[in-house]
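Note sheet for the following structure.
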Amino acid sequence: MAEGIFAAEIVEECRRRGLLAGAYALRRPRGATFLRRLARDLSEQRKAPRVLVRRGVALLRAEPAVLRRQMGLGAEAARAREVLRRVAGLLAGHPHG
């Protein structure tokens, strides 16, 4: 299992080697992601609040392009609940969730 923004980079190679059970890019409401990230970063005092807001807005705007790139690398966009359902199906021996 690989997780993170760069996980899609290995999708094709895993597929080629017969190691890929599924590849998903989480599709989440962008506003909620922005607020969660901002709350986390503010609570951890990672940077000045103004910097965190600017960075958060930039990431909010970039998110559709990031998702398109991940899909272009072979990941399927899906909501978290759908990914969990599919992974549970794989663990139960049902290849399509």
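- Residues A8 and L73 come closest through the heavy atom pair O-CB, 3.5 Å.
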| said: For R27 and M71: C-alpha separation, side-chain torsions, deciding distance, then whether side chain to side chain contact (heavy atoms under 4.5 Å, CB included) applies. | reply: CA-CA 11 Å; R27 178 176 288 178; M71 291 170 57; 4.1 Å; yes

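- Hydrophobic clustering, defined by side-chain heavy atoms of Ile, Leu, Val, Met, Phe, Trp and Tyr closer than 4.5 Å, groups V57 together with F34, L35, L38, L42, L52, V53, L60.
- When all heavy atoms of A80 and L26 are compared, the closest pair comes out as CA-CD2, 3.7 Å.
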| task | Take E82 and R79 through the test salt bridge (charged side-chain N to carboxylate O under 4.0 Å, His left out) and record every step on the way to the result. | result | CA-CA 5 Å; E82 177 64 15; R79 299 227 180 257; over 6 Å; no

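- Summarising the geometry, atom CG belonging to L67 is positioned 10.5 Å from atom CZ belonging to R30; distances are rounded to the nearest 0.5 Å.
- Under 4.0 Å is where a charged nitrogen must lie from a carboxylate oxygen, and between E12 and R16 no such pair does.
- For the pair R15 and G74, the tightest heavy-atom approach, listed with the atom from each and the gap, is NH2-O, 3.7 Å.
- Here the closest non-hydrogen pair linking R37 and G56 is NH1-O, 4.4 Å.
- Dense packing is recorded around CD of E44, with more than 12 heavy atoms of other residues, nucleotides or ligands lying under 6.0 Å away.
- Counting only residues at least two apart or in different chains, side chain to side chain donor-acceptor pair (under 3.5 Å) contacts with residues 53-70 comprise E9-R69, D41-R55.
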